[in-house]
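The figures here come from the full heavy-atom set of this structure, side chains too, leaving out hydrogens, waters and symmetry mates. Treat the numbers as computed from the prediction; the structure is a model and nothing was measured. For reference, positions follow the sequence shown, starting with 1.
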Amino acid sequence: MGEERDQSFFSRLPGAFVYPFKGQGWAIIVAGAVFFALLGLVRFIVTALTSWMHPYYGILIRLSIWAVTCVIGCILPAYLLEILARSASGEDEPPDWPSVTTWWEDLLMPVFLILGAAAVSFLPAWACRFALYYGLMDNAAPMWVFIAVGVLYFPMALIGVVIFDGLAGLNPIKVFPAITKIAPAYLVACVMLAIVMGAWVVLGTFLWRRIPVIGSILSGVAMLYFLMVEMRILGLLYRVHEKRLGWFA
């Protein structure tokens, strides 16, 4: 039975790369392209205006743009976690943009959940880096070990905070056994996520540097696409192995 589930996950993996274009997904990507285009245009205009206007007004305009960017930056994590949650529950099409009823639950909480998962995953590595910097230890090997552990821990921690709808999903007592229970599929998922992330960084950097203006738009669209793929992979991982993980048994 376990082998069948692993094969089911592997067979669904290629579909994750088509997932962003299903249902309303294409509209989300188009909206992302429009947003990044407008953001680039606004930045160009602001740069031109602030070069001759009073510095006080230039600061106000830049702060306003920064505030709008922060709001959008909170909506994106909420949307990505929604993709993970719905993929884990069995839905096969991207959701619409999340509705915002309260700032804390709909915008800020997803950001804190992602940051919490990252903090718990990589805090030991950062502690080693701190100790190395201040001469409290002279061997960097433990830091690299903790980085490797953090890389393996983070995807399952992210699944955990979504499934448990809170920081309870970061508990190592839940995360480490879950990783060992589905180790083959989980390792493949981690490798796929690394490939997706690498493709995003390489493609985004190339587009940003080589193609003026349009490159920044395409880079933003590529970022949105690859992040949607990543969340889909994690959602499928839980969906296929839910019973084996037994978090709610």
Enquirer: To the nearest 0.5 Å, what is the distance between CD on E230 and CG on L84?
Expert: 11.0 Å
Enquirer: Report the C-alpha distance between F154 and V120 in whole Å, list the side-chain angles of each, state the deciding distance to 0.1 Å, and finish with yes or no for side-chain contact (heavy atoms from CB on, under 4.5 Å).
Expert: CA-CA 8 Å; F154 180 71; V120 171; over 6 Å; no
Enquirer: Go through the structure and list residues passing ring-ring contact (aromatic ring centres under 6.0 Å, His included) with Y225, not counting sequence neighbours.
Expert: F21
Enquirer: Answer yes or no: are there more than 12 heavy-atom neighbours, outside F112 itself, under 6.0 Å from its atom CZ?
Expert: no
Enquirer: Are V18 and I28 connected into the same hydrophobic cluster when the rule is that any two of I, L, V, M, F, W, Y join if their side-chain heavy atoms are below 4.5 Å apart?
Expert: no
Enquirer: Sequence neighbours excluded, which residues qualify as ring-ring contact (aromatic ring centres under 6.0 Å, His included) partners of Y79?
Expert: W97
Enquirer: Kindly compute the distance separating OH (Y19) from CE (M231), expressed to the nearest 0.5 Å.
Expert: 11.0 Å
Enquirer: Between P155 and L234, what is the shortest heavy-atom contact and its length?
Expert: CB-CD2, 3.8 Å
Enquirer: Starting at CD of Q24, measure out to CD of E93 and round the result to the nearest 0.5 Å.
Expert: 8.0 Å
Enquirer: Tracing side-chain links under 4.5 Å among I, L, V, M, F, W and Y, which residues wind up in one group with L123?
Expert: none
Enquirer: Which residues satisfy the ring-ring contact (aromatic ring centres under 6.0 Å, His included) test with Y133, sequence neighbours excluded?
Expert: none
Enquirer: In Å, rounded to the nearest 0.5 Å, how long is the span from OG of S121 to CE of M156?
Expert: 11.5 Å
Enquirer: Is it true that F17 and F10 fall in one hydrophobic cluster, defined by side-chain heavy atoms closer than 4.5 Å?
Expert: yes
Enquirer: Report the residues that fulfil side-chain contact (heavy atoms from CB on, under 4.5 Å) with N139, sequence neighbours left out, ordered by chain and then residue number.
Expert: A141, P142
Enquirer: Identify, with sequence neighbours excluded, every residue that meets side-chain contact (heavy atoms from CB on, under 4.5 Å) alongside M143.
Expert: C128, R129, L132, I147
Enquirer: Which atom pairs, donor and acceptor, lie under 3.5 Å between side-chain atoms of residues 157-176 and protein residues at least two apart or in another chain?
Expert:
residue : atom : partner : partner atom : Å
N171    : OD1  : I173    : N            : 2.9

Enquirer: Indicate if V221 and L227 have the same hydrophobic cluster label, given that clusters are the connected sets of ILVMFWY residues with side-chain heavy-atom separations under 4.5 angstrom.
Expert: yes
Enquirer: Not counting sequence neighbours, which residues clear side-chain hydrogen bond (donor to acceptor under 3.5 Å, both in side chains) with E82? List them please.
Expert: R86
Enquirer: How close do S8 and S11 get, counting heavy atoms only, and between which atoms?
Expert: O-OG, 2.8 Å
Enquirer: What pairs with L187 under side-chain contact (heavy atoms from CB on, under 4.5 Å), at least two apart in sequence or on another chain?
Expert: L152
Enquirer: Could you pull out all residues at least two apart from L13 that satisfy side-chain contact (heavy atoms from CB on, under 4.5 Å)?
Expert: F9, V188, M192, I233
Enquirer: Ignoring hydrogens, what is the shortest heavy-atom contact between P20 and V229? Give both atom names and the distance.
Expert: CG-CG2, 3.8 Å
Enquirer: Same cluster for L237 and F248 if Ile/Leu/Val/Met/Phe/Trp/Tyr side chains link at under 4.5 Å?
Expert: yes
Enquirer: So which pairs with a foot in residues 231-241 pass salt bridge (charged side-chain N to carboxylate O under 4.0 Å, His left out), sequence neighbours left out?
Expert: D92-R232, D92-R239
Enquirer: To the closest 0.5 Å, what do you measure between OH (Y186) and CG (L245)?
Expert: 10.5 Å
Enquirer: Hey, any chance F130 and W144 share a hydrophobic cluster, counting ILVMFWY side chains that come within less than 4.5 Å of each other, even indirectly?
Expert: no
Enquirer: To the nearest 0.5 Å, tell me how far I179 CD1 sits from I182 CD1.
Expert: 8.5 Å
Enquirer: Any idea which heavy atoms bring M228 and P94 closest together, and the distance?
Expert: CE-CB, 4.0 Å
Enquirer: Y238 and W247: ring-ring contact (aromatic ring centres under 6.0 Å, His included), yes or no, with the steps?
Expert: CA-CA 10 Å; Y238 179 81; W247 276 344; 5.7 Å; yes
